[in-house]
> 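Provided herewith is a single structure, encoded as structure tokens, for subsequent inquiry.
Throughout, numbering of the chain's residues begins at 1 and tracks the sequence. Given the structure is predicted, the values throughout are model-derived calculations rather than measurements.
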Amino acid sequence: MTQPVFPPLLSGHPVQGGEDPFDHAQAMAALGCDAGSVVYNIQADRLRAAIVFAPEVPLQDAMAMLPLCAVGFQNALGALAPPEVAVHLGWDGPIFVNGARCGRFRVTASTSDPEAVPDWLVVGWELALLQTGDEPGKSPDVTALYDEGCADVSPVQLVESWSRHMLTWLNRWSEDGNAPLHGEWMGLLQGVGEPYGDRGVFLGADERFGMLLRNGADTQIVPLTHLLEDAH
């Protein structure tokens, strides 16, 4: 299989078998690898990737890398998939294709202190290419890319395209701040205006991408740092 070709600011690091790029990227980051290292694992049934960032801003601001990577992914898959295929995102990480869950984003960092500048931050994502369950139709809210008319989407091309779209957004974020990214992301979020479990109605996101939840007369903000996974 040909390997993805990445833009000059990024470097690719393939892993094989069951190895998780998200875990591998954390290990590389802890050892001091270069920012822009992309770890990926392309298998027959799923595609996984992760990227290492070296933020120069406090964690609460660096968390913008999560929606930034997600918007880059949506733009990439949207460009490669047939035009009738709808790609949306969930605030807390899910990737939706034609309304059904097809993958997810994850994030971790060297610190969980919102005020601290992290040594590193890793954003990972995974996408189901093929459903491997016995009866795929049993879970209509879960799907795989190839079941949604995207059998011609090459995983290698998708990783390449994601890396380019992500870099474009990174440059724009560096120049213009959160506002353009926030506008794009809000247009792609699924579930705005709907109940979020039993915690209230999901109103949208504040300027730092925190979730706005209204419960009766109260509105609370759930910061993106709430989504941080424990670093290994």
Side-chain angles (χ1 to χ4, degrees), residues 1-16 19-43 46-59 61-81 87 89 93 95 103-110 117-127 129 145 150 152-185 188 209 224 231:
M1 182 182 68
T2 57
Q3 300 297 338
V5 177
F6 293 98
L9 292 174
L10 306 179
S11 59
H13 304 269
V15 293
Q16 307 294 329
E19 188 162 10
D20 187 347
F22 189 67
D23 294 340
H24 193 90
Q26 289 180 63
M28 289 174 58
L31 291 172
C33 73
D34 290 336
S37 296
V38 179
V39 186
Y40 59 93
N41 188 340
I42 300 173
Q43 296 173 282
R46 64 176 170 165
L47 168 60
R48 291 176 288 172
I51 183 168
V52 178
F53 293 99
E56 298 174 353
V57 295
L59 178 64
D61 297 312
M63 288 298 295
M65 295 306 98
L66 178 63
L68 189 148
C69 286
V71 166
F73 174 87
Q74 191 280 342
N75 292 174
L77 182 53
L80 293 172
V87 184
L89 305 167
I95 298 165
R104 64 168 176 155
F105 273 84
R106 315 164 65 184
V107 62
T108 188
S110 61
V117 177
D119 295 329
W120 51 264
L121 183 145
V122 171
V123 176
W125 56 270
E126 57 186 81
L127 187 72
L129 302 176
L145 191 66
C150 299
D152 292 335
V153 174
S154 152
V156 171
Q157 275 188 308
L158 181 54
V159 173
E160 290 177 344
S161 182
W162 166 70
S163 70
R164 292 193 300 270
H165 282 281
M166 184 275 302
L167 270 184
T168 298
W169 276 107
L170 185 60
N171 292 334
R172 195 168 173 193
W173 176 80
S174 300
E175 292 171 8
D176 301 329
N178 285 351
L181 176 63
H182 187 279
E184 179 85 0
W185 189 60
L188 299 171
F209 308 99
L224 268 188

> Name all residues meeting the side chain to side chain donor-acceptor pair (under 3.5 Å) criterion together with E56; count only those two or more places apart in sequence or in a different chain, and write none if there are none.
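With neighbours one apart ignored, the set is empty.
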> Using the test side-chain contact (heavy atoms from CB on, under 4.5 Å), find all partners of D152 that sit at least two apart in sequence or belong to another chain.
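Scan of D152 (side-chain contact (heavy atoms from CB on, under 4.5 Å), adjacent residues dropped) gives none.
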> Please examine the side chains of L224 and P67, heavy atoms only from C-beta on, and report whether any two atoms are closer than 4.5 Å.
yes
> Does A231 have any side-chain contact (heavy atoms from CB on, under 4.5 Å) partners at least two apart in sequence or in another chain, and if so, which?
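Testing A231 for side-chain contact (heavy atoms from CB on, under 4.5 Å), a comparison that skips the adjacent residues, returns Q26, T108, W120.
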> Suppose we screen for ring-ring contact (aromatic ring centres under 6.0 Å, His included). Which residues come up paired with H182, at least two apart in sequence or across chains?
F209
> Quick one: side chain to side chain donor-acceptor pair (under 3.5 Å) partners of D61, sequence neighbours excluded?
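Partners of D61 by the side chain to side chain donor-acceptor pair (under 3.5 Å) criterion, ordered by chain and then number, come out as R208.
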> Filter on salt bridge (charged side-chain N to carboxylate O under 4.0 Å, His left out), then keep only pairs touching residues 20-31, sequence neighbours left out; what's left?
D20-R106
> Check side-chain contact (heavy atoms from CB on, under 4.5 Å) between P7 and all other residues, then give those that pass, not counting sequence neighbours.
L10, S163, R164, L167
> Going by side chain to side chain donor-acceptor pair (under 3.5 Å), name the pairs with one or both residues in residues 171-181, residues two or more places apart or in two chains.
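Pairs touching residues 171-181 that pass the test: W173-N178.
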> Check E19 against N41 and note the closest heavy-atom contact, atom names and distance.
O-ND2, 2.9 Å
> Work out which heavy atom in V107 is nearest to a heavy atom in M63; give both atom names and the distance.
CG1-CE, 3.8 Å
> Tell me, please, which residues at least two apart from H165 pass side chain to side chain donor-acceptor pair (under 3.5 Å).
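H165 satisfies side chain to side chain donor-acceptor pair (under 3.5 Å) with no residue once adjacent residues are dropped.
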> Name all residues meeting the side-chain contact (heavy atoms from CB on, under 4.5 Å) criterion together with A54; count only those two or more places apart in sequence or in a different chain, and write none if there are none.
A35
> Looking at residues at least two apart in the chain, or sitting in another chain, which of them share a side chain to side chain donor-acceptor pair (under 3.5 Å) with S11?
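Residues passing side chain to side chain donor-acceptor pair (under 3.5 Å) with S11: H13.
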> Do any N or O atoms from the side chain of S161 and from the backbone of L158 form a donor-acceptor pair under 3.5 angstrom?
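No: the side chain of S161 does not pair with the backbone of L158.
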> When the ring planes of W162 and W125 are compared, do they come out parallel, tilted or perpendicular, using 30° and 60° as the limits?
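Ring orientation of W162 relative to W125: perpendicular.
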> Quick one: closest heavy-atom pair of V57 and P118, and the distance?
O-CD, 3.6 Å
